[in-house]
Structures are given as structure tokens and as C-alpha cells.
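Worksheet for the structure shown next.
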Amino acid sequence: MDFSLDNKRSGFSFPPIDYGAQLNDEQFAAATAPPGPALVLAGAGSGKTRTLTYRVAWLLEQGMRPGEILLLTFTNKAAREMLERVEELTGVPSHRFWGGTFHHIGQKILRIHGELIGIGKQYTILDSSDAESLMGEAVRELDPGFFKNKANPKARLLGDIYSMARNTRLTTEQAVDRYFPHFKELAGKVALFFEAYQKKKLEQQVVDYDDLLEYLVLLLENHEEVREYYQNRFQYILVDEYQDTNVLQARIVDLFAAHHRVMAVGDDAQCIYSWRGADFTNITTFPERHPGTKIYKIEINYRSSPEILDLANAVLISQEPGIEFKKELRAARDSNVRPYLIPTLDTEEQTQFIIQRIGGLLDEGVNLSDIAILYRAHYQSLDLQMELARRHIPFQITSGIRFFEQAHIRDLIAQLRFAYNQKDISSFQRIASLLPRIGPKTALRLHKLGTEFAEKNKTSVIEGLLDPSIIAKVPTVSREEWPKLIWSLHDIAEHCQKSTPAAATQIAIDGWYGDYVRGAFNNYPSRLDDLRSLVGFAEKYDEMQDLLAQLVLLNSETTASAVDDEQGRLRLTTVHQAKGLEFPVVFMIGLADGLFPLRRAIEEGDIEEERRLFYVGVTRAMDELYLSHPRIGGQGMPLRLEPSIFLRDLPEHLYEIIHLQRQRW
DNA sequence: AGTCGAGTTCTTTTT
DNA sequence: GAACTCGACT
């Protein structure tokens, strides 16, 4: 397609942008690239999002409509950030674009065309723990003794195996062979479990995360009219964090982009999701799948001091040679202090050091919100959290116990889900199990009875559950409470249809569950507050389906971050979640073998991904970087800890060692 | 058979 | 904290 269309066609006008002045040469070349396939290799801190943002503006200037541009990202955070910045630059409201995570787009399209492949409009999405229990049920039905044998994989692991197979587009046998060879003998059996699991989901009209991607591929591959519609509709496709896409996601991009008007942006050195099937060879093979691909490299780094970049580059040099694109970040900034290396006695001393140093930084005029503490896994921050709380230093922690995974939130969502899709047995089981003497089995039996009654008498399942013949089957202790619960669900279901999702949510809180919360939790006021904040969240949605999908797909978001995103808080986060962010001062803690890299990664010989993760962490820092490692482990760790292999691989002149004075004895 | 309570173990990363 | 196991209770 020729881009030189009438540039009023986009329907939006914004002040002319001087691309040459606002972008460097590398960025400019990428942002104004000709329409064909393009691969942008953008190093950390090189202005990747900026380039993408200007690319979108440029496309609009060329006459493309917002609705013709598809923006795919890997995480919700990345999606939000990119769309916000596009809106800032061009004034085009972000909802005018098709943008979001692969799962989000899958959910949207499945909702429109799902019936072609047997997914009704009322389908609901399982979160990972729902999926896990359903998998468990499927297994128990086929082989009741399976979990009795401790050598057999648990439901959770089976879910992981299945997920891996699907995300890499391998058969169960192939995936077990490649990623779980110790279960080789079970492969045939496990494949049957997966079939049963798949069948159960269809019966309940529920889908799991992977279905959102897999069904999308199925729709596009097998239904020409759908494929052609979207290929036409999406005149240009931009993919962010391309190195973290897996084979299934890459396939989605290729199916949408049969016309090759596609730009993939990524950095193979930052691929940190291979445990989810991410495959950075997607980058290396991109030019083969999109003939005529032009490659743009963006390597000038505006974020970090030269000293930090030297260290980051050294991390990459010690990588095992592979098929990576060669890259070296070039500094644009002035010289500053070298990164610090701090050996500490144990995690306690590490915590003390951080608190002390933060005190010093504050005295120097640094804002608390300019400081981040990064770690490999959440439990490594527990010490620190307690100490910070004790000293009244405000901090913001990205995840930990996730908001949407707390019991009361999930209970409420389960009610909405069941009220909306009464075939969603998983949700019903969760709700019904709140009553004494009712567990999953009893709930299933009652649901079945209710469904049969409903079919015979042409009523809804909920009305069936209220029939005296079924109430008689409810265990005695719960017989009085049962109708109250079901009536409450009945009210919610009515509001699902006749009024807004927010109203239905409010009804759920005012109904049976509100009373339950008061009786069940000693901290019920704060739980009720959480639930009420859900109403506020629900107000943004006109349709129940949208709300439910968002609740499941956003499950890593904390409302804490959405609601009380105050300034002036110290940031605690895993390296994974810090991706794409930057901070003037960064502490990386727990840099010892067994902690970072994790013991498991060492055992499985999977060090290189951990190294890339370390690289991601290091490149978050703008001015000051503190790398600390405890020498004595806490509980469950070996007594002596070696400094991380990643530290040992660094030339000594790249950092300065801080020797702590032993203060206590 | 299914549910419940007490005691035990173990924590990666995200949609 | 939560998920799991095991034994007891309905």
C-alpha cells in the first residue's frame, strides 16, 4: 500500500511534529521507515517506546486511521504506557486504536467470532488457579489414583506442561520430550488428561489463558473470511517486546500481517520469558518470514551513566556465544560514579545497609520515588518490607499478594462469573463451598441437579437451585443459608442482564456475600473497602463480558497502584516487573548463587536467561547502581553463599567495593 | 464419600 | 501465607 494518501483521512489533526528534531538519527530512521516489514533492534534505554510512539504519529500523518493500527504488547503495563504516550503526542484517544496484550486482542476477537469454533458469546475466562482445579478434576475422573503416586506431576505442573506445549505449538509428546523429559513415560497418559480438560472447558463454556491465543490462531487459520477481514482491517501492525513472544504469538502476528506491513521491536538480550515459551529466535527468523525486512538498530542510550553501561555491556560480553545480534549500548550521558558492589554478612545486614544508604540519599535531595529495589523473587523482599514498615518509610510494592488473587476478591468475581455464565461450574463450586459441609463435590452434584431441573422445567439453573426438591439435597447445616445465597446470585444475574456491571457488582456486595464477609474475616472493613473499589473499577465497563475479561486478564495489577499511586514512595519490585521502567537509583539485592541465579536455574543449566534478567535489572539504573550480596544464607539456603556468577564474571575495574563496618557483634 | 481441622512444607518470573 | 497432607468426623 502507498502511504501517501490524503492525510486528512485519519480524521485527526495534531500540530506538525518535527521528527528530525525530536528523534536521533537511528530513531528517526525507524519511526519514518517505509511501509514494508521492519525489525527494530532497540537496546535498553534507547528510547524504544519513544520511537514506537512517533511511529504511530507518523502513520497517522500518512493518512492511516487509528482503527487500522494494531499495537500488540506482552504485558498490560507496556500496553497502557504506549497508548498513553501516543495519546499525549497525537491527542488521539487510546481506545481508538486496537491495542493491548495478545490475550486481550484474542479475547476481543473470540467474543465476536467465537461461535464459529464453538465458543458462545457468554464464555468466561479461567484464571490460573481455576484452570488448575479443572485440570485436577479431569485427571481424577480418568485416573482416580493418579495423584496418589507422589512421583506423578501435580495438577499445577500438568497445567504448565500443557501450557508449554500449546505456547510452543508442539504436541504433548514433543513438549514432554523437550521440556519435561523425566515424565517421558507419562506422555501418552498426560495427553489424554489434556483432552479431557479441553472437553470440560468446552462444556462449561470457559476458556483458559492459552485458549485466547490458540483459538485466535484457529480462527485465523481455518476461517478465511475472518482472516481476510482482519488482514484488511489492520493496515499496520506494531509489536513491542517482540523478543518475549512465543511461537504461538509470533504466529498470530504473521497471520495478521500477511501483507507484511509490520514492525517488530525488540532486544534479544532482554528475553526473560522463555519459561512461558518465549523464543527469541522469533527475532532472528523474522526476516525469513517477512521477506524484504529492513533492520533498524537503536543503540544510543540516554538513560544510564557510561559507568553503568560499561557494566551492562560487560554482562552481555560474558554471555555464552549464541545467535544473538551483536550489540553494544553507547552512552549519551556524562560520566558519573561507578556502580557499587556491597558484600554483606547476611540479609539482615543487607537490609541495614539499604536503609542507611536510602537515608543518605534522601539527605542529598533524592526523592524516595526515584529509588527502586530489585530482586529475583518476591520472598527475597520480606525482610526489607518489615524493616521499612517498622521505620515508617513508605514503599510501593508491585504485586506480592496480588489484589485480584485475594480470597474475597475472587469470591466476588466468581459470583459475577456464575451469574453471567451459569454453566461456569468452577465459579459455582467456589461460591457454594463457602457454606459449611459443601465442598467441590457436593457443589458439583447440586449444580447438576439444578441444571437437570432447569432443562426439564425450562427455567434458569439458578431457579432450579431454589426448587424445594433440590434444597432437600443440601446438607442440613447449610439448608437454611442456601436459599439466601442462591437468591443473592439470582439478583446478581438479573442485574447482569438488565443493568450495568457496576450495579451488579454493588448488588453482590449488598447481598449475601456482604454478610458473609462480615462474619468470615476479622479485617472485614478493609475487605469491604476492597470490594467497593471493585464497583468503581466496574463503572468503566458497559458490558459484563468486558469487565470479567479485564478482571481476569489484569490479575497482576494491584489496585493499590491504581488507586493510591502516590508520589514519594520507594519502589520494591521483581526484575521482571521492572522491565521497561527506569530509576535514578537502583539497588539489586540478593546477588548470590542460588538466589540470583536461582538454584533451580543452576540445576537445570538455564543460566543464560538469568543473566539476561540480570542485564535487564542493571540497565534500569540511571545514575547510581548498588549491587549487594549476602554471604550467609537464611533459612532453607546453604550456609555459605558465593557471590553470583554474574558478579564474578565482571572485570573488577567496573565497580567499586563498599566494605561495611561491622556494627553489631 | 466428602468435608474439616491441625500440622507441615515451600515458595520464580506473567497473561 | 497458602497449599498440601493426613487423620478424624459427619
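Here is the naming used below: chain letters follow the sequence lines, and residue numbers restart at 1 for every chain. Atom set for the values below is all heavy atoms of this structure, side chains included, hydrogens, waters and symmetry mates excluded. Nothing here was measured: the structure is a model prediction, and the numbers come from that model.
Taken from CZ in A:Arg169 to CE in A:Met164, the straight-line distance is 16.0 Å, to the nearest 0.5 Å. Between A:Arg437 atom CZ and A:Glu481 atom CD the span is 16.0 Å, to the nearest 0.5 Å.
Residue A:Ile272 is out of contact with every strand shown, counting any heavy-atom pair closer than 4.0 Å. Looking at heavy-atom distances under 4.0 Å, A:Pro436 makes contact with sugar-phosphate atoms alone, never a base. A:Glu610 comes within contact range of no nucleotide atom at all, as no heavy-atom separation falls under 4.0 Å.
Side-chain atoms of A:Leu572 and A:Leu388, non-hydrogen and from C-beta on, do get closer than 4.5 Å to each other.
Closest to the side chain of A:His103, out of C:dC4, B:dT3, B:dT15, is B:dT15. With B:dT15, B:dT13, C:dT5 as the choices, the nucleotide that has an atom nearest any side-chain atom of A:Tyr209 turns out to be B:dT15. Considering only side-chain atoms of A:Thr574, the nucleotide from C:dC4, B:dT13, B:dT12 that sits closest is B:dT13. Picking from B:dT15, C:dC4, B:dT13 the nucleotide with the shortest atom distance to the side chain of A:Thr75 gives B:dT15.
The separation between A:Ile589 atom CD1 and B:dT12 atom C1' is 15 Å, rounded to whole Å. A:Lys579 places its NZ atom 11 Å from the C1' atom of B:dT14, with the value rounded to the nearest Å. In this structure, A:Glu608 places its CD atom 21 Å from P of B:dT13, rounding to the nearest Å. Rounded to whole angstrom, the span from the CZ atom of A:Arg430 across to the P atom of C:dA2 amounts to 11 Å. Atoms CZ (A:Arg437) and P (C:dC9) sit 12 Å apart, rounded to a whole Å. The CG atom of A:Asp160 sits 13 Å away from the P atom of B:dT13 (whole-angstrom rounding). Rounded to an integer number of Å, the gap from CG of A:Leu216 to P of B:dT15 is 18 Å. In this structure, NZ of A:Lys441 is placed 21 Å from P of C:dT10, rounded to the nearest angstrom.
Projected onto DNA chain B by closest heavy-atom contact, A:Phe102 and A:Ile438 fall at different nucleotides, the more 5' of which corresponds to A:Ile438. If A:Gly439 and A:Trp275 are placed on DNA chain B by their nearest nucleotide, the residue sitting closer to the 5' end is A:Gly439.
Residue-to-nucleotide contacts include no donor-acceptor pair under 3.5 Å from the side chain of A:Arg276 to the base of B:dT13.
In this structure, A:Glu84 contributes its side chain and A:Glu81 its backbone to no donor-acceptor pair below 3.5 Å. A:Gln350 places a side-chain N or O within donor-acceptor distance of the main-chain N or O of A:Gly590, the cut-off being under 3.5 Å.
Looking at A:Asp130, A:Asp208, A:Asp424 one by one, the single match for salt bridge (Lys or Arg N to Asp or Glu O under 4.0 Å) with A:Lys201 turns out to be A:Asp208.
Within the structure, every side-chain polar atom (N or O) of A:Ser128 is placed at least 4.0 Å from both OP1 and OP2 of B:dT15. The side chain of A:Gln577 places no N or O atom within less than 4.0 Å of a non-bridging phosphate oxygen (OP1 or OP2) of B:dT13.
Per the stacking criterion (ring centres < 5.5 Å, plane angle < 30°), A:Tyr273 does not stack onto the base of B:dT14.
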